[in-house]
Amino acid sequence: MDNGLTRGDRPALPPEKPTSMLPQTWAAFAGGQQAARPPEPRVVLVRFAIFASATALAAYLVRELALATAEVEWSGTRIVLLALFAASIFWLAVLRATAVIGMVALLCWRNRSMVELTGAPAPQLQGRTAILMPIFGESPERVFGAALAILRSLQEERYGRNFDFFMLSDTTDPAVWAREESCFELARRLLTSQQCLYYRRRPLNAEKKAGNIAEWCRRWGGAYDYMVVLDADSLMSGKALVQLAKALEHNPDVGLIQPPSILINRQTLFGRYQQFANRVYDYWCPAMTAGMACWHGDSSSYWGHNAIIRVRAFCDSCGLPRLPGQPPFGGPVQSHDFVEGALLRRAGWRVCLMPQVEESYEEAPPTILDWAVRERRWCQGNFQHARILLAAGLSWVSRVHLVSGIMYMVSAILWILSWAAAAAIVFSVGETLRSCGGAPCAAGPASIVLVSVLLLLVLPRLIGFSLTFFSRNRRQAFGGVAALLKGMALDAAIAAVFSPVRVILRAGASLDVLRGRDSGWWPARRDDRYQASRNLMRFHANHMGLGLGLALVSPLMSPVVFLGLLPVCVCLAASGPFSVLLARADLGLRARAAGFLLTPEETHPPPVAVSADGFREFLSREHAKARQQRPAA
């Protein structure tokens, strides 16, 4: 038995309908179950435009940097500087070209995706969908409240019969899993006869989340056509789930559809900063998702949650073998989502991003410390992708996705090394680069490189702000012109201080993995309770020391180096107090009341999120009542 639930008039689990899910192999691939069709001409054109423009821009800026350092003889330091700069600027240029293409798509094309997914409307879904929420030590009231809200939303869409909800627990703490069972019983009392909520706890947590999903597939996967995988902080409306199920049902060659995720529910200043960025200019913003959909085509990626997957395709092609050796580079595949998306595409299934779905939600880390813990876990998983890059049969676009995950972390090291190499060159020639030795040619190229890099860094903000400001509906959704301007101003101020800290944290996470340290597997902190100031100050002690050390050493190298590093030194030295301020929920709520960093989900809360809060409060009250009555009994 997975759990000891025998109470109630309905079983805790449905009858099993097993299916096979065999581990794949990296060394050989016999071919897909179906032939992958060639990409559409528009997709080919967009891919060429993005990578050609990124290559041209990177080549131009590397040439300008070579001219800017022309006074320095060719040496190992200069070659390293140019090579590191080339790798960093190319990856950055690809991301910025994606945002530009996305902006063009939003302004000029009706369909934001280059792949038509919606199909003709159908009166009723034929397939059955399982909603899976893997949990590990989470707050039971929170996750079961979300499950009830999702099931209610589906009932309101009149598709409750087509969806079953599985709570897949890997919890090891007896006290927490006892609360899970209690919340499960309470939640089932609120369901209609047409709604199915199941709960299963694994006694052995083999292969972490990927193993949790695989175990469900082997035992119950044969009974379902599709599955939607959620994280413990995920929410999706019934409308979004039905839209995804219809899209998959009417496109039999599609194996996975990934909608963008919108960040909600945070109250800390840091969490609200992430929510604002997410809606305006960050990775999941409209311009980026539209641009990714354009060039990914039917070879997109999987982000591990809030996606719908064809169960048969997943079972046939996504069994993950263990990587040889021990963690962090060996063992279970930790960032399994990118790999599973690549394996689906290898088997001939289309993997598509669907920006049209707008009611898919998740939560951001509440503090910089929680953000860093998540980045460390991602870093270990992304570095494992280096061992999968050359797996047989993967499409070149899937390999680009794997490389992008690696570059997400490695780019921080590249930028730091680039600055170090530049500082070494400036130190070696004294004031030569500033005065150009009477030859004004070097100042021009140096200015071009500096201005170009700064423009690339702020370009997503300019695009996101423009798309929002010049759209009446989006302006109103963000609280109006004044609220939008105030939000952009505070966002820019927080980003200016946080950016150097973010680079150091990512570089530190990368070096930590390269040293062979395993990140482990711990429950994420998902509430806005105040993080103790001493914990945050202790966490940032090295960063503050680094900032003060650079401020003392850089003047000895060169005035140019000192002035260039001064903003970085100030941000690092202030990182501790800055992190403490951003961790405060009261400041976040005050900023919200004053109209700063407002998002559409704050001005008009999603019904499914309001419903989830109500169910969570109900379950918490009922659990508290049960605890009070237990001693008396």
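Atom set for the values below is all heavy atoms of this structure, side chains included, hydrogens, waters and symmetry mates excluded.
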Student: Can you name the residues that form a side-chain hydrogen bond (donor to acceptor under 3.5 Å, both in side chains) with Thr171, not counting sequence neighbours?
Tutor: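 If we apply the side-chain hydrogen bond (donor to acceptor under 3.5 Å, both in side chains) test to Thr171, skipping adjacent residues, the hits are Ser169, Glu180.
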Student: Would you please name every residue forming a side-chain hydrogen bond (donor to acceptor under 3.5 Å, both in side chains) with Asp233, sequence neighbours left out?
Tutor: Arg526
Student: Using the side-chain hydrogen bond (donor to acceptor under 3.5 Å, both in side chains) rule, collect all pairs that involve residues 79-100, keeping only residues at least two apart or in two chains.
Tutor: Thr98-Trp295
Student: List the residues meeting ring-ring contact (aromatic ring centres under 6.0 Å, His included) with Phe562, not counting sequence neighbours, and say none if there are none.
Tutor: none
Student: Of all residues at least two apart in sequence or in a different chain, which pass the side chain to side chain contact (heavy atoms under 4.5 Å, CB included) check with Ser234?
Tutor: Leu230, Asp231, His305, Asn306
Student: When you measure from the centre of the six-membered ring of Tyr408, is the NZ or CZ of Arg506 under 6.0 Å away and within 45° of the axis?
Tutor: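 That pair qualifies as a cation-pi contact.
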Student: List in chain and number order the residues that pass side-chain hydrogen bond (donor to acceptor under 3.5 Å, both in side chains) with Ser510, two or more places apart in sequence or in another chain; answer none if no residue qualifies.
Tutor: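 Testing Ser510 for side-chain hydrogen bond (donor to acceptor under 3.5 Å, both in side chains), a comparison that skips the adjacent residues, returns none.
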Student: Would you mind listing every side-chain hydrogen bond (donor to acceptor under 3.5 Å, both in side chains) that reaches into residues 560-581, with sequence neighbours excluded?
Tutor: His540-Ser579
Student: Please lay out, stage by stage, how Trp349 and Phe314 fare under the test ring-ring contact (aromatic ring centres under 6.0 Å, His included).
Tutor: CA-CA 10 Å; Trp349 297 98; Phe314 189 83; over 10 Å; no
Student: What distance do Asp337 atom CG and Gln258 atom CD have between them, rounded to the nearest 0.5 Å?
Tutor: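 Nearest 0.5 Å value for the CG-CD distance: 8.5 Å.
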Student: Under the ring-ring contact (aromatic ring centres under 6.0 Å, His included) test, which residues partner His336, sequence neighbours left out?
Tutor: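 Partners of His336 under the ring-ring contact (aromatic ring centres under 6.0 Å, His included) test: none.
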Student: What residues, two or more places apart in sequence or in another chain, satisfy ring-ring contact (aromatic ring centres under 6.0 Å, His included) together with Trp26?
Tutor: none
Student: Just to verify, what does Phe578 make a ring-ring contact (aromatic ring centres under 6.0 Å, His included) with, not counting sequence neighbours?
Tutor: none
Student: Can you check whether Asp298 reaches Val351 side chain to side chain, under 4.5 Å on heavy atoms?
Tutor: no
Student: Does Arg376 make a cation-pi contact with Trp378, if we ask for NZ or CZ under 6.0 Å from the ring centre and within 45° of the axis?
Tutor: no
Student: Is there any side-chain hydrogen bond (donor to acceptor under 3.5 Å, both in side chains) pair reaching into residues 488-503, and which pairs are they, with sequence neighbours excluded?
Tutor: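 Output for this query lists Tyr281-Asp491, Arg461-Asp491, Ser499-Arg502.
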Student: Which side-chain hydrogen bond (donor to acceptor under 3.5 Å, both in side chains) pairs, counting each pair once, include a residue from residues 394-403, with sequence neighbours left out?
Tutor: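 Passing the test, one end in residues 394-403: Ser395-Ser398.
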